[in-house]
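Take a look at the structure set out below.
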Amino acid sequence: MEARRAKSNLIGPQQQRVFGLLAIFLSALSYGAMPLVAHFFFEGGGDPVQLAYFRFFFSSLLCAIILPSQRIPFRLQRHEYMPIGVLGISYGLVPILLFLSYAKLDSGVATILHFSFPLFVMFFCFLFFKDKPGLRALIAAAFCVVGIIFINLTPQHGHIVSYSSLGAFLAVLSGVANAAYITIFAKMGPASMPMFKVVFYMNSIPAILMTPYVMSHYDWNLSLMAWLTGIFMAILCSIFATLTLQYGITKTSPQEASLLSTLEPVTSVLLGVFVLHEVLTGNILIGIVAILMGSLLLAFQDPKANPSDVEVSVTEQSVK
């Protein structure tokens with residue numbers, strides 16, 4: 001452990017930030033594949049509640065196997081109960097609300113509406129922690145908002161694609177829950193807890209809460225494709241994407257992490273084009289370019305020049 005800590009200390013803050021940005025990018029790519037995976041799960045006979053349960057249950061199971069192999073105890077300290085409980089509930093609400101919106105909206109539209117969450121992250125950080133976003137972050141946010149709007153425009157009518165009001169509400173509410181999760185993890189997350197342990201509890205809490213309902217309402221007569229995509233969703237989104245996002249947050253800031261995560265709908269759109277043969281319009285291309293410009297503004301800024309990029313409460317120990 002000491003050798004690993006000494007090796008980590010040889011990496012400068014700028015290099016660590018680059019690693020953090022790369023981790024957020026990988027997380028965005030993984031989360032961006034979620035609508036495509038959900039599409040195949042639903043075709044196999046599953047529904048949004050089942051898919052959310054698959055994510056929580058199988059990721060908890062895998063982490064429960066990993067923790068003893070790494071000699072990480074399951075026991076929580078008393079001061080960790082509150083942040084872990086709040087993280088588990090807010091994190092658990094995100095896929096449930098988003099998957100429910102997928103059932104009422106086109107997956108791309110639902111994902112795009114979900115990406116109101118960077119604005120809520122900025123709002124929560126300012127309201128509760130007095131973190132004012134810098135000018136560059138505000139410009140990047142504007143680019144991302146414009147990009148999301150353009151991706152959602154139709155060339156035929158020039159207005160937002162029609163959608164279910166309930167589906168739109170659920171998608172935006174999933175963004176609010178995601179913003180709460182990111183802000184709480186960055187500002188109040190358990191500082192000394194290994195990340196696999198955090199992921200275990202974040203997924204096991206909603207899995208336990210959902211178990212009585214899903215066992216009494218579903219017969220689980222799913223196709224092999226649904227089972228495989230459900231397990232793949234757990235590995236890709238609940239473990240890999242969550243770990244890389246959390247690592248990225250510790251090396252950047254919650255505002256930067258949330259804005260760079262707007263690359264997720266770009267991934268969703270491109271996967272929809274190449275796999276589901278959806279149409280790539282000029283408006284979508286403009287939206288993608290706008291989101292990429294906003295992300296590049298953040299990626300190449302000097303972190304010392306932005307006073308809002310304060311250090312988060314998760315320490316170096318939490319990523320080891």
Side-chain angles (χ1 to χ4, degrees), residues 27 30-31 34 38 46-70 72-101 114 117 120-121 124 170 173-218 220 230-247 249-250 254 257 312-314 318-319:
S27 174
S30 302
Y31 278 127
M34 190 162 55
D47 75 356
V49 175
Q50 288 175 301
L51 183 54
Y53 186 73
F54 263 69
R55 273 190 60 178
F56 300 141
F57 176 79
F58 284 107
S59 58
S60 300
L61 183 62
L62 290 171
C63 286
I65 296 172
I66 292 172
L67 290 181
S69 68
Q70 299 295 315
I72 300 174
F74 287 93
R75 184 176 180 179
L76 291 174
Q77 301 297 319
R78 182 173 298 179
H79 67 276
E80 295 171 335
Y81 290 157
M82 178 63 72
I84 282 295
V86 176
L87 279 174
I89 293 173
S90 59
Y91 174 80
L93 285 173
V94 176
I96 294 174
L97 294 169
L98 187 57
F99 294 155
L100 287 173
S101 72
H114 168 76
F117 78 81
F120 288 109
V121 168
F124 290 155
L170 291 172
L173 197 59
S174 72
V176 174
N178 199 35
Y181 151 64
I182 291 175
T183 306
I184 292 168
F185 176 82
K187 300 297 186 179
M188 301 170 59
S192 59
M193 187 180 294
M195 282 192 173
F196 268 111
K197 189 173 180 178
V198 175
V199 172
F200 168 75
Y201 280 104
M202 281 172 46
N203 286 278
S204 62
I205 289 173
I208 292 171
L209 294 176
M210 290 180 67
T211 295
Y213 177 81
V214 297
M215 291 304 171
S216 61
H217 286 75
Y218 295 98
W220 301 97
I231 295 172
F232 178 72
M233 175 78 82
I235 297 172
L236 180 68
C237 296
S238 290
I239 296 182
F240 178 76
T242 300
L243 287 173
T244 50
L245 176 62
Q246 291 178 355
Y247 176 82
I249 292 174
T250 66
V312 296
S313 62
V314 182
S318 68
V319 299

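Treat the numbers as computed from the prediction; the structure is a model and nothing was measured. Along the sequence shown, residues carry numbers from 1.
- Partners of Leu67 by side-chain contact (heavy atoms from CB on, under 4.5 Å), not counting sequence neighbours, listed by chain and number: Ile72, Phe74, Phe196, Lys197, Phe200.
- Residues Phe120 and Ala179 share a closest heavy-atom pair of CB-CB, 3.5 Å.
- Here Phe240 pairs with Leu26, Ser30, Thr244 under the side-chain contact (heavy atoms from CB on, under 4.5 Å) rule; sequence neighbours left out.
- Checked against side-chain contact (heavy atoms from CB on, under 4.5 Å), Tyr218 has the following partners two or more places apart in sequence or in another chain: Asp47, Val49, Gln50, Tyr213, Val214, Trp220.
- Across every non-hydrogen atom of Pro212 and Ser216, the tightest pair is O-OG, 2.9 Å.
- Here Ile96 pairs with Ala52, Phe56, Leu100, Met210 under the side-chain contact (heavy atoms from CB on, under 4.5 Å) rule; sequence neighbours left out.
- Looking at heavy atoms from C-beta onward, Val86 lies out of side-chain contact with Pro83 at the 4.5 angstrom threshold.
- No side-chain heavy atom of His114 sits less than 4.5 Å from a side-chain heavy atom of Met34.
- Listed by first and then second residue, the side-chain hydrogen bond (donor to acceptor under 3.5 Å, both in side chains) pairs that reach into residues 52-64 are Tyr53-Thr211, Arg55-Tyr91, Arg55-Ser238, Ser59-Asn203, sequence neighbours excluded.
- Looking only at distances, no side-chain donor or acceptor of Ser174 sits under 3.5 Å from a matching main-chain atom of Leu93.
- The distance from atom CD1 of Ile205 to atom CD1 of Ile84, rounded to the nearest 0.5 Å, is 6.5 Å.
- Residues that satisfy the side chain to side chain donor-acceptor pair (under 3.5 Å) test with Tyr81, not counting sequence neighbours, are absent from this structure.
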- Item | Trace of the side-chain contact (heavy atoms from CB on, under 4.5 Å) decision for Leu245 with Tyr181 | CA-CA 11 Å; Leu245 176 62; Tyr181 151 64; 4.3 Å; yes
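- One distance of note links OH of Tyr31 with CG of Leu98; it measures 11.0 Å at 0.5 Å rounding.
- Rounding to the nearest 0.5 Å gives a distance of 7.0 Å between CG of Leu243 and SG of Cys63.
- Within the model, atoms NZ of Lys187 and CD1 of Ile249 stand 11.0 Å from one another, a figure rounded to the nearest 0.5 Å.
- With values rounded to the nearest 0.5 angstrom, Phe58 atom CZ is found 11.5 Å from Ile239 atom CD1.
- Atom CZ of residue Phe124 and atom OG1 of residue Thr183 lie 6.5 Å apart, to the nearest 0.5 angstrom.
- Nearest heavy-atom pair across Ala241 and Ser27 is O-OG, 3.0 Å.
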